[in-house]
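Reckoned from all heavy atoms, side chains included, excluding hydrogens, waters and symmetry mates. Chain identifiers are assigned alphabetically (A, B, ...) following the order of the sequence lines, protein sequences preceding nucleic acid strands; residue numbering begins at 1 within each chain.
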Protein chains: 2
Amino acid sequence: MKRARPYDREAALDAALNLFWTRGYHATSLKDLEAALDMKPGSIYAAFSSKEALYLAALERYFRQNRDSLRTIGEEAGSPLKALADLMRNVARCSNDDPNCRPCMLIKTLVDVTTDDDEIARYSRQYLDEMRGEFVSLFELAKSKGELPPDADPVRLARRYQSELSALKIEAHCAIDREGLFALAEDLAQQVEQLRVSPGKAKKRAKRSS
Amino acid sequence: MKRARPYDREAALDAALNLFWTRGYHATSLKDLEAALDMKPGSIYAAFSSKEALYLAALERYFRQNRDSLRTIGEEAGSPLKALADLMRNVARCSNDDPNCRPCMLIKTLVDVTTDDDEIARYSRQYLDEMRGEFVSLFELAKSKGELPPDADPVRLARRYQSELSALKIEAHCAIDREGLFALAEDLAQQVEQLRVSPGKAKKRAKRSS
DNA sequence: AGCTTATTTGAGTGATCACTCAAGTGTGAT
DNA sequence: ATCACACTTGAGTGATCACTCAAATAAGCT
């Protein structure tokens, strides 16, 4: 038979990620993966060793993309706090096939996997911890910019924020009514924005420190 | 072979619920169910028709138990608001094999199932809606007792509360550090309690309306 | 052009899946 | 005691699972 051209690892991982994110680890079969990656079993196993290894590679890819995206937001945002609030609003605005309408892949993995999937669970937790660290950095940045009171605790705020963002994505996935989702997202976004000290006070404090 | 004594439907459903809740729909095999229910395939199928039908029966049992438990809380609580806050604190206090440390079964189901599992998803959403209705009733009760301002919106508060309770249970399952979980639970519980109007104002308002 | 190596294929492996059904056994009625 | 019916069993069904490997083909080197 005519041999296919060599596979594109990045494209294969994207396809695998999308499939696992949609169907979960246990409900995704090799048959599904063959179709999505356009590779035959021999090739899949040559390239990725096992279904589990492929899942872990996809998970890492998800984590890196999310972390990088968050860092870009952090670098580009005039107001980190507003950026964080807007991330929540974006969840409510998304359409059904938007990744924002899906639960966080790391959370989905932890809810989905069983005690037989220790390695997968361990990596998911580790990536969740690292994502929390990224949120901490964003809250620290907000604090350093005078957007938060000096006694604000970025670690606590980040933990709360990550939990609530995650909940919001799950609500989006569970397809509660659109209006309800908007209301919930707005509540949570405003809660983030209400953390700030008022702009006048922030400017005065900034002037004093320079 | 010697025939087993007839199965106990309630006990079977409890065992099935526990197993599906632990392992999820797709990762639970008939072999697992045989062991957990102490029934052979022929009996399982005679009693429950299919794996999916058994899952749906277990889901309904979960929903009924949760709803009844919430209603009991509503009936017995002097302060519905405090009861709601304490539900959150209980999540942080639980040990690892406590059902409170597991994600809500309805949420887990919706995160876990695929597009091939429409019926399961539909029932889960319906039960989630009904649970939300129960939370609405509790917030309405709190309002009628003067625990909430007259302009408080029980529908919005219930939606927010359900989402956050759900998130908290997922955090408990994901095994973030215990201290972090306590802090998060306390944050959320206090947020609920901060909804109240002050007791003095509540008493005055109660006197005026009688 | 020929050869070696790398990569892909896809039929096939052994195991497991959800589910079936003929046979065996317990129960209740007569 | 006998019989009919209800209920359980567990070997077996057809399908699918994750994964393998001998064979075929493309690519690169000489």
Side-chain angles (χ1 to χ4, degrees), chain A residues 1-17 19-59 109 112-121 123, chain B residues 1-17 19-59 109 112-121 123:
Chain A
M1 64 320 224
K2 229 177 187 312
R3 189 175 117 179
R5 62 188 297 164
Y7 77 104
D8 176 341
R9 188 175 172 86
E10 304 300 285
L13 283 177
D14 271 349
L17 170 55
L19 189 62
F20 282 130
W21 197 355
T22 301
R23 295 184 62 86
Y25 181 63
H26 291 283
T28 299
S29 66
L30 254 301
K31 193 174 143 201
D32 296 325
L33 287 165
E34 285 177 50
L37 277 63
D38 197 21
M39 286 167 79
K40 300 295 191 175
S43 299
I44 293 178
Y45 285 91
F48 299 106
S49 303
S50 67
K51 183 183 173 185
E52 180 175 23
L54 176 55
Y55 193 92
L56 289 172
L59 208 59
T109 295
D112 188 19
V113 296
T114 71
T115 51
D116 299 325
D117 310 313
D118 278 351
E119 183 109 347
I120 293 177
Y123 274 94
Chain B
M1 63 327 225
K2 231 177 183 315
R3 189 176 118 179
R5 62 190 294 165
Y7 77 104
D8 176 340
R9 189 175 172 85
E10 303 301 284
L13 283 176
D14 271 348
L17 170 54
L19 189 62
F20 282 130
W21 196 355
T22 301
R23 294 186 62 85
Y25 181 62
H26 290 283
T28 299
S29 65
L30 254 300
K31 193 173 144 200
D32 296 325
L33 287 165
E34 284 177 51
L37 277 63
D38 195 22
M39 287 167 80
K40 299 296 191 175
S43 300
I44 294 177
Y45 285 93
F48 300 105
S49 303
S50 67
K51 182 184 174 186
E52 180 176 21
L54 176 55
Y55 193 93
L56 289 173
L59 210 57
T109 296
D112 188 20
V113 297
T114 71
T115 51
D116 298 326
D117 309 313
D118 278 351
E119 184 109 348
I120 294 176
Y123 273 96

Rounded distance in Å - [atom1] ([X]) to [atom2] ([N]):
| X | N | atom1 | atom2 | value |
| --- | --- | --- | --- | --- |
| A:Ile120 | D:dA18 | CD1 | P | 12 Å |
| B:Glu34 | D:dA11 | CD | P | 11 Å |
| B:Tyr7 | D:dT8 | OH | C1' | 12 Å |
| B:Met39 | C:dC19 | CE | P | 14 Å |
| A:Arg5 | C:dT7 | CZ | P | 15 Å |

Problem - Approximate separation, where rounding is to 0.5 Å, of B:Tyr25 OH and B:Leu59 CG - result: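 Atom-to-atom, B:Tyr25:OH and B:Leu59:CG are 11.5 Å apart.
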Rounded to the nearest 0.5 Å, the CG atom of B:Asp112 sits from the NE2 atom of B:His26 at a distance of 6.0 Å
Here the residues of residues 22-29 of chain A within 4.0 Å heavy-atom distance, strictly under, of DNA chain C are none
field: salt bridge (charged side-chain N to carboxylate O under 4.0 Å, His left out) partners for A:Asp32, two or more places apart
entry: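 In terms of salt bridge (charged side-chain N to carboxylate O under 4.0 Å, His left out), with neighbours along the sequence ignored, A:Asp32 is linked to A:Arg23.
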_Does either side chain, that of A:Thr109 or that of A:Tyr55, offer a donor lying less than 3.5 Å from an acceptor on the other one?_
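Result is yes, a qualifying pair exists.
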* With heavy atoms under 4.0 Å as the rule, sort A:Pro6 into base, sugar-phosphate or nothing. =>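 Counting heavy atoms under 4.0 Å across all strands, the contact made by A:Pro6 is with sugar-phosphate only.
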>> If you assign each of A:Gly42 and A:Lys31 to its closest nucleotide in DNA chain D, which residue comes earlier from the 5' end?
In response: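 Its nearest nucleotide lies further toward 5', so the answer is A:Lys31.
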Among the nucleotides C:dA18, D:dG10, C:dA11, whichever has the atom closest to the side chain of B:Leu30 is C:dA18
Are [X] and [N] close enough that a side-chain N or O sits under 4.0 Å from OP1 or OP2?
| X | N | answer |
| --- | --- | --- |
| A:Lys40 | C:dT8 | no |
| A:Tyr45 | D:dC19 | yes |
| B:Ser43 | D:dT9 | yes |

Go through it in stages, so that I can follow the logic: the residues are A:Leu33 and A:Phe48, the test is side-chain contact (heavy atoms from CB on, under 4.5 Å), and I'd like the CA-CA distance, side-chain angles, deciding distance and then a yes or no.
CA-CA 12 Å; A:Leu33 287 165; A:Phe48 299 106; over 6 Å; no
The complete set of side-chain hydrogen bond (donor to acceptor under 3.5 Å, both in side chains) pairs with one or both residues in residues 4-16 of chain A, sequence neighbours excluded, reads A:Glu10-A:Arg61, A:Asp14-A:Arg61
